[in-house]
Amino acid sequence: MTSLNRETFEILDLNDSLAFMRSEFSLQDGLIYLDGNSLGVLPKATASHVSEVIQQQWGVDLIRSWNCHQWMQKPTELGDKIGRLVGAEMGQVLVCDTTSVNIFKLAAAAVKMRPGRSKLITETGNFATDLYLLQGLAKLLGDQVQVVALPRDQVLNAIDDDTALVLLTHVHFKTGAMWNMASVTELAQKSGALMMWDLSHSVGAMPICLDHVSADLAVGCTYKYLNGGPGSPAFVYVAKRHLAEFQQPLTGWIGHAKPFDFEDDYEGAAGIQQAMCGTPAVLANAALEVSLDLMLEVDMQAVRSKSMHMGKLFIELIQQRCPWFIIGSPTNDEHRGSQVSLTHLQGYAIIQALIARNIVGDFRAPDNLRFGFTPLYLRYVDLWDTVDALVDIMSNESWNQPQFLQQQAVT
Ligand SMILES: *Cc1c(COP(=O)(O)O)cnc(C)c1O
């Protein structure tokens, strides 16, 4: 392994085909932001567009905007834009609600589509909301279904002809470990189960081909790599071949075939529109639209290449200069999403010490330090400078101070 130095990273920045994107984002001088996998950075164009929607569409045009500014069409319009990022043809993706709510809707629909099958399979250590929503659904349905949560290496063997649904997160939120979407989907379907992918940590970070791998269902977040803003609405994907029998249980009026007929009885809209529950979040959709348009300007394969390269270099730097840490992510670039986790028992305080230097990563209990790589606005030198700061913090034990050890509510 050749020894790396800061100049190596400066040269990589000069040759970076995505470097031009950084100026599209509102980043404070001196900030190194390695948390775009948790909350993406504000695009510069967002504020003026949202302000225009507020002042003109809401402020002046008021209720007429539902028609003249197509507020009601935004969930499917934005859904189709996300479709281009996840390899889904038109009419299968919709923007609505939160990832949590959407998991419930799709899991309940899956149980209906696989009558007589009782297992909902997922992995232990999955993002908590995925587990909790399956547990909530099982509780609601009584004895009809049960959640089978198993360690990662046992999940695939457990899929059998009593399995209704397999729900997995494509890229693990703590370790960044990535499932092979095509082979896992094929395996689940061989047993007759439906496959739902949670794409929260992959959409916007790499090319995804939902149609190509024949996925059944998917959900994902838009405030992470898609930069939609805090609490921005999530998305659902239902494969076209399932739309005719798809029935989700949150039968709100906006998912009705004719919401403005105000009939007493529910009749679901045809197509993906039925995944809607209530009124769309117009202002949040306006912010998301700007981010999606920006994301659609870049080649996802280039994003993935830069992200893999950044992860690889970061791991090399840690191995060369930081003996204090254990690498908690796959070292094979093909098996890792767009983040690298390090493990250390004092992880929380170390991250706080980094944040005090304007280098923002995050911590996931009990011992994970997470560093997310967002190729649109991160520079290669940022990796060098982060590891340089880590070396200093660790060799001087400067993390060991009361202000860094005191844990706050949101980590
Ligand atoms: C971030 C994330 C979520 C977020 O769910 P919300 O309903 O938006 O809070 C869900 N699942 C996974 C895997 C995530 O990483």
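For the single chain, residues carry numbers from 1 onward in sequence order. Everything numeric here is computed off the predicted structure, so don't read it as measured data. As the structure lists them, so they are numbered: ligands from 1, and atoms in each ligand from 1.
Remark: R379 engages D382 in a salt bridge (charged side-chain N to carboxylate O under 4.0 Å, His left out) (not counting sequence neighbours). The side chain to side chain contact (heavy atoms under 4.5 Å, CB included) test applied to L187 returns L156, I159, not counting sequence neighbours. Scanning for side-chain hydrogen bond (donor to acceptor under 3.5 Å, both in side chains) contacts around D16 gives K306, with sequence neighbours left out.
Near ligand 1, residues T98, T99, S100, F127, T129, D130, T169, D198, S200, H201, C221, Y223, K224 come within 4.0 angstrom through at least one heavy atom.
Inspection of the N15 and Y380 side chains reveals no N or O donor paired with an N or O acceptor under 3.5 Å. If you check the side chains of D80 and Q92, you find no donor sitting under 3.5 Å from an acceptor.
Note on ring orientation: taking the six-membered ring where Trp is involved, the planes of Y33 and Y377 are tilted (angle from 30° to 60°).
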